[in-house]
Amino acid sequence: MDGSIKKHSEESTMPARKKHDHLNCHYFKWRLFQRNGVWYADGRFENFNLGKHSLGTRDRQEAEASLRKLDYRKAIEHGLARDTGVDPDKRLEIGRGWELYLESCERPEVMGGVSRKTLNKYKRSGVLHSEFCRTGRIRYWDDFGKDQLQAYGRDLSPRFADRSLYFELTQIKTVLNWLMDEKHLPREAGFRFPLSKPDGSDTCCYTREQVRAMLTLCDRNVDLVWLGNIIRVLVFTGLRIGELAGLRWTDIDFEGNAIRLTDERASKKRSDMGTARRTKGRRSRTIPLHPEIKSLLIGLPRAQHGRVLCGPKGGKIKEDRIRERFIECVIRPLSERFPTPKGEIGFEQARFHSFRHFFISQAFVSGATEAEIMEWVGHRDSKTVAVYRHLRNEDSLRRMEQINFVGPDTKLGGPEEAA
């Protein structure tokens, strides 16, 4: 007797069993309940009246699977999802899509993979894109369409220069196309969204006066002779600072009067030693050896590490360190002599890459052909070389004065002469 009373008391204090559940699907919140053992979904609340629907099953797992499909259909009806015909249970999540793409990029380069540096750029793009999608509740690749790419561009625009923005948006299109090519997404997931590649460059180009001033500054200070050598080689070759840092004596052909930069990523021995050179675009190239640089190189001592140019203490060049020294010892001391107007890009923002611009501009001014310059600097696209072209006013005027438009015997005069 006492036992049954106790049991009844315990049962009376237990919470009542819920007659329904509220489930948050990807797009909507639903009330899931049973009637005569069959599961139903009720979406008649919040911002959308989605109606009440039978899920056609008594099994809870089957009901939830049917609800996901119903949630997706209703999202398409209300313009929250794209109708790509994909099975809701087989949709590709944003993070998983990036994983598949990056795994492909990690293959050996001969199999279509990319360099470690390029892979790291792609990974950073993946982090940016995934974070945007997470914030915007975009979970699947087939939900990322034209409107979403526009929104992504607007989100990045305040933080990115036009060239960087172009790269990030193009990278998303590249990943999306790869996922479709590899059958991870249906073709219906694609969309057209042309992008305009930015022209021009915001990198400052030095003037002849500025280059002369930098060389004079270094030549007059015995502690900066090493830096003057670096500047001279950059000025007369158009090398990138990374290429200059890795320049070896074996790259210099004194008899042929040339610097030969060879892409060595296919060399297993050099790859194993960690010394394989990787040129941009995998292009090997030959740069004619200017007489002034040839004379400089012949007079340089040969360091045991085999590099042509050395840092301040005779060791290998460390790009970040010499960049700091260049700003500290050259740019800042000369900034007052070459002031940069407020809000403008000028000498104060110039760096080692500006010497590459200077090399190309002077080559153009001196009459080198576009094909020659493209070979010297290692570019396939003439538009890319044109970005670096900086024709000074005095050079343009001199060129204009040399042009004879109407022939040697014709003189143009005013009204009196013509009469």
Side-chain angles (χ1 to χ4, degrees), residues 160-164 198-245 247 287 290-293 295-297 309-312 317-368 373 376-377 379 384-401:
F160 286 78
D162 284 352
R163 285 183 174 275
S164 298
D199 292 326
S201 170
D202 60 2
T203 300
C204 171
C205 178
Y206 296 120
T207 65
R208 293 189 189 95
E209 182 186 3
Q210 290 168 347
V211 171
R212 285 195 296 267
M214 288 186 278
L215 291 173
T216 300
L217 175 66
C218 293
D219 290 344
R220 289 177 177 174
N221 187 337
V222 67
D223 293 330
L224 294 180
V225 170
W226 65 275
L227 188 52
N229 291 338
I230 289 174
I231 292 175
R232 277 188 171 85
V233 175
L234 292 175
V235 165
F236 284 89
T237 64
L239 289 172
R240 301 177 180 88
I241 187 60
E243 294 170 339
L244 179 139
L247 191 65
I287 307 168
H290 192 280
E292 185 169 333
I293 290 304
S295 177
L296 169 67
L297 296 179
L309 295 168
C310 305
I317 291 175
K318 297 180 179 178
E319 294 179 45
D320 291 339
R321 180 59 182 145
I322 65 166
R323 189 177 291 110
E324 292 172 1
R325 292 292 297 275
F326 175 66
I327 297 170
E328 175 187 347
C329 301
V330 177
I331 295 297
R332 287 176 184 162
L334 293 174
S335 290
E336 189 173 340
R337 178 175 171 182
F338 304 109
T340 301
K342 187 175 181 180
E344 297 294 329
I345 298 173
F347 183 82
E348 197 174 305
Q349 289 81 28
R351 298 296 182 259
F352 283 130
H353 201 69
S354 297
F355 290 114
R356 187 168 168 85
H357 289 231
F358 178 80
F359 171 84
I360 295 176
S361 68
Q362 296 310 304
F364 270 121
V365 166
S366 300
I373 297 173
W376 296 345
V377 298
H379 279 298
T384 306
V385 172
V387 168
Y388 295 94
R389 189 191 320 199
H390 300 267
L391 297 180
R392 304 291 172 196
N393 289 336
E394 63 268 23
D395 298 318
S396 298
L397 178 60
R398 191 179 304 112
R399 181 74 69 186
M400 179 65 77
E401 290 172 346

Take Trp226 and Ile322 through the side chain to side chain contact (heavy atoms under 4.5 Å, CB included) test and state the conclusion after the steps. CA-CA 10 Å; Trp226 65 275; Ile322 65 166; 3.8 Å; yes

Let's go through Ile327 and Arg332 carefully: what are the C-alpha distance in whole Å and the side-chain angles of both, what is the deciding distance for side chain to side chain contact (heavy atoms under 4.5 Å, CB included) to 0.1 Å, and is it a yes or a no? CA-CA 6 Å; Ile327 297 170; Arg332 287 176 184 162; 3.8 Å; yes

Salt bridge (Lys or Arg N to Asp or Glu O under 4.0 Å) evaluation trace for Glu324 with Arg321: CA-CA 5 Å; Glu324 292 172 1; Arg321 180 59 182 145; 3.3 Å; yes

Given side chain to side chain contact (heavy atoms under 4.5 Å, CB included), test Glu348 with Phe338 step by step and report yes or no. CA-CA 8 Å; Glu348 197 174 305; Phe338 304 109; over 6 Å; no

Show the numbers, then the answer: is there a salt bridge (Lys or Arg N to Asp or Glu O under 4.0 Å) between Arg232 and Asp219? CA-CA 11 Å; Arg232 277 188 171 85; Asp219 290 344; 2.7 Å; yes

Check the pair Arg208 / Val365 against side chain to side chain contact (heavy atoms under 4.5 Å, CB included), numbers first and verdict last. CA-CA 12 Å; Arg208 293 189 189 95; Val365 166; 3.8 Å; yes

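Between the side chain of Ser295 and the main chain of Glu292, no donor-acceptor pair closer than 3.5 Å is present. When atom types are taken as modelled, the side chain of Gln349 and the backbone of Gly346 share a donor-acceptor pair closer than 3.5 angstrom.
Between Cys205 atom SG and Arg356 atom CZ the span is 12.5 Å, to the nearest 0.5 Å. The CZ atom of Arg212 sits 7.5 Å away from atom OG1 of Thr207, with the distance rounded to the nearest 0.5 Å. A distance of 14.5 Å separates CD in Glu328 from CZ in Arg323, rounded to the nearest 0.5 Å. Remark: Phe347 CZ to Glu209 CD distance equals 10.0 Å, nearest 0.5 Å. Here the straight-line distance linking atom CD1 of Ile287 with atom CD of Glu243 works out to 7.0 Å at 0.5 Å rounding. Atoms NE2 and SG, on His353 and Cys204 in that order, are 12.0 Å from each other to the nearest 0.5 Å.
In plain terms, the two heavy atoms of Ala350 and Tyr206 that are nearest each other are CB-CE2, 3.2 Å. When all heavy atoms are compared, the tightest approach of Ile317 to Gly311 is CG1-N, 4.0 Å. Counting all heavy atoms, side chain and backbone alike, Ile373 lies closest to Ala363 at CD1-CB, 3.7 Å. Shortest non-hydrogen contact noted between Glu319 and Ala245 is CG-CB, 4.3 Å. Contact between Ala213 and Arg337 at its shortest, heavy atoms only, is CB-NH1, 3.5 Å. When all heavy atoms of Phe326 and Phe355 are compared, the pair lying nearest together is CZ-CE1, 3.8 Å.
Counting only heavy atoms from C-beta outward, the side chains of Gln210 and Leu334 never approach each other to under 4.5 Å.
Here the rule is side-chain contact (heavy atoms from CB on, under 4.5 Å) with Leu309, and of Leu296, Leu227, Asn229 only Asn229 fits it. The side-chain contact (heavy atoms from CB on, under 4.5 Å) test with Ile230 singles out one residue from Leu224, Leu239, Leu244, Val235, and that residue is Leu244.
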